[in-house]
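Working notes, structure below.
Just so you know, ligand 1 is whichever comes first in the structure, and atom 1 is the first atom listed for that ligand.
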Amino acid sequence: MKVGILGGGQLARMIALAGYPLGLKFIVLDPDPNAGAAGLSEHLHGAYDDPALLAELAEKADVVTYEFENVPAHVAEFLSSHTTVYPPANALAVSQDRLLEKNFFKELGIGTAPYAQVDSLADLKNAMTTMGYPAILKSRRMGYDGKGQVVLMSAGDLAAAWEAMQGAAAIVEGFVPFRREVSIIAARRPSGDIVFYPLSENRHSGGILRVASACADDAEQGMAEDYVRRLLEKLDYVGVIALELFDVGGQLLANEFAPRVHNSGHWTIEGSETSQFENHLRAILDLPLGSTQTRGFAAMVNFIGGLPQTEEILKLDHAHLHLYDKAPRKGRKVAHATIRSEDLEQFEQTREKLTNLAKQTDDS
Ligand code: ATP
Ligand code: MG
Ligand code: MG
């Protein structure tokens with residue numbers, strides 16, 4: 001079987017690495033000739049909406065998936081009419097647009113921060129007459145790692161914040177005074193079988209994920225599973241999904257979902273019986289889903305912009321290094337390390353050492 005992937009970055013690379021033991025082959029479509037997965041897979045090099053390349057991808061791949069959600073909707077629709085595409089194109093459409101996404105959460109009875117549609121400075125001023133400060137103005141489309149977002153501290157910030165949107169359609173959200181951020185990753189097969197991973201507790205700064213840690217027996221696990229199940233069933237979803245949540249005094253508010261494997265699930269590579277990458281492949285190929293049982297304590301630390309000497313990471317007990325084969329650039333994720341151990345003290349020590357190493361070379 002050959003799996004096509006739209007996007008050839010580190011997520012595609014880790015999907016391919018999980019698929020080789022299952023005898024799978026991969027073909028990626030990516031405009032960047034040096035995409036991180038290209039060395040591992042057959043690579044179609046060109047634009048995502050190049051009709052000839054899409055036709056070739058549909059012809060060669062038994063199933064097509066993607067590693068990022070900003071694939072143009074018409075591309076997913078075109079591919080869907082020529083081959084099997086999972087997750088379904090409607091999941092992509094909802095997750096691409098923060099307004100549709102928030103409305104969708106609301107329709108499913110899942111709480112969110114207060115939000116309002118903003119298409120003009122007048123809309124923004126009007127929304128802020130009822131919404132308290134601080135708040136965040138976010139472009140509806142194309143944002144990731146906190147890009148396209150401006151924090152609003154007072155009415156004096158509104159004009160410059162709207163200017164920064166450069167006319168892009170936006171939403172404004174109330175700032176959530178969360179106790180912590182968590183995410184839940186789940187996988188669903190066409191038959192409707194679902195597996196859930198334990199919650200991941202995620203530490204961000206500057207809008208970028210830094211550290212993600214598996215939560216054993218978390219009090220909020222059941223609520224998160226209930227929310228993500230509603231999404232999966234409503235979307236008739238197939239594949240891995242990630243739902244990002246704010247924990248506010250034991251209540252969970254949805255921030256956004258990603259219709260793909262997710263950075264907060266990288267610890268599942270060594271930390272779970274079956275990784276998110278393998279379960280994504282099993283789901284889209286309609287194979288039995290694997291156990292999501294955690295193997296001891298598990299966490300992940302991102303390396304952003306730069307990397308310490310790899311020896312510094314490799315010499316740490318219980319650390320596992322994953323390089324993405326990407327040229328360093330300011331604020332860019334270039335690698336991560338996972339930590340997995342049965343021993344809590346060792347686990348915490350290694351996580352702290354890795355976190356400190358990452359801070360030394362982080363340029364964001
Ligand atoms: P990602 O890389 O996760 O796709 P993104 O650019 O889509 O990021 P968000 O996830 O919406 O952006 O925001 C990035 C981070 O900014 C959040 O994880 C959180 O730390 C902070 N943040 C975003 N919205 C809010 C909010 N309403 N209240 C408090 N913090 C927020
Ligand atoms: Mg996002
Ligand atoms: Mg996010």
Distance to 0.1 Å, residue and atom name: give those for the protein heavy atom nearest to [atom].
atom                    : answer
atom 27 (N) of ligand 1 : Glu173 OE1, 2.8 Å
atom 1 (P) of ligand 1  : Glu256 OE2, 3.3 Å
atom 18 (O) of ligand 1 : Glu181 OE1, 2.6 Å
atom 30 (N) of ligand 1 : Phe178 CE2, 3.5 Å
atom 12 (O) of ligand 1 : Gln149 NE2, 2.8 Å
atom 15 (C) of ligand 1 : Gly207 CA, 4.0 Å
atom 11 (O) of ligand 1 : Lys138 NZ, 2.7 Å

- Task: Answer yes or no: does atom CE of Met153 have more than 12 heavy-atom neighbours from other residues, nucleotides or ligands under 6.0 Å?
- Result: no
- Heavy-atom count around Glu352 CD within 6.0 Å, excluding the residue itself: above 12? no
Can the ring centres of [X] and [Y] be said to be less than 6.0 Å apart?
X      : Y      : value
Tyr48  : Phe68  : yes
Phe78  : His82  : yes
Phe105 : Tyr227 : no

- Check the Mg ion (ligand 3) and write out every protein N, O or S atom at under 2.8 Å, as residue and atom. Glu244 OE1, Glu244 OE2, Glu256 OE2
Taking N or O atoms only and a 3.5 Å limit, does [X] qualify as a polar contact for ligand 1?
X      : answer
Gly146 : yes
His262 : no
Val176 : yes
Gly174 : yes

- Message: Less than 4.0 Å is my threshold; does some heavy atom of Ala258 fall inside it relative to ligand 1?
- Response: no
- Query: Which of the listed options, Val248, Thr112, Asp145, holds the heavy atom that is closest to atom 8 (O) of ligand 1?
  - Reply: Asp145
- Item | For Ser80 against Ala76, the heavy-atom pair lying closest together | OG-O, 2.6 Å
- Can you find a heavy atom in the side chain of Val248 that is under 4.5 Å from one in the side chain of Val176? yes
- Query: Val172 versus Met131: any side-chain heavy-atom pair under 4.5 Å?
  - Reply: yes
- Can you name the one residue among Leu29, Asp50, Asp30, Leu6 that meets side chain to side chain contact (heavy atoms under 4.5 Å, CB included) with Leu44? Leu29
Ligand-residue contact atoms, ligand 1 with [X], heavy atoms, under 4.0 Å:
X      : value
Gly143 : 6 (O), 7 (O)
Arg98  : 5 (P), 6 (O), 7 (O), 11 (O), 12 (O)
Glu244 : 3 (O), 10 (O)

- Query: For ligand 1, does Ile208 get within less than 4.0 Å through its side chain, its backbone, both, or neither, judged by non-hydrogen atoms?
  - Reply: neither
- Task: Would you mind telling me if ligand 1 is within reach of the side chain of Asn255, the backbone, both or neither, using heavy atoms under 4.0 Å?
- Result: side chain
- Item | Ionic contact status for Glu278 with Arg282, cut-off 4.0 Å | yes
- Apply the salt bridge (charged side-chain N to carboxylate O under 4.0 Å, His left out) test between Arg188 and each candidate in Asp236, Asp286, Asp193; give the one that qualifies. Asp236
- Under the 3.5 angstrom rule, does the side chain of Tyr237 hit a backbone N or O of Val240 as a donor-acceptor pair? yes
- Protein heavy-atom contact under 4.0 Å for atom 21 (C) of ligand 1? no
- Parallel, tilted or perpendicular: rings of Phe26 and Tyr20 (30°, 60°): perpendicular
- Could you check whether the rings of His336 and His266 sit parallel, tilted or perpendicular, using 30° and 60° as the cut-offs? tilted
- Task: Using the test side-chain contact (heavy atoms from CB on, under 4.5 Å), find all partners of Tyr86 that sit at least two apart in sequence or belong to another chain.
- Result: Val63, Thr84, Pro190, Val238, Ile284
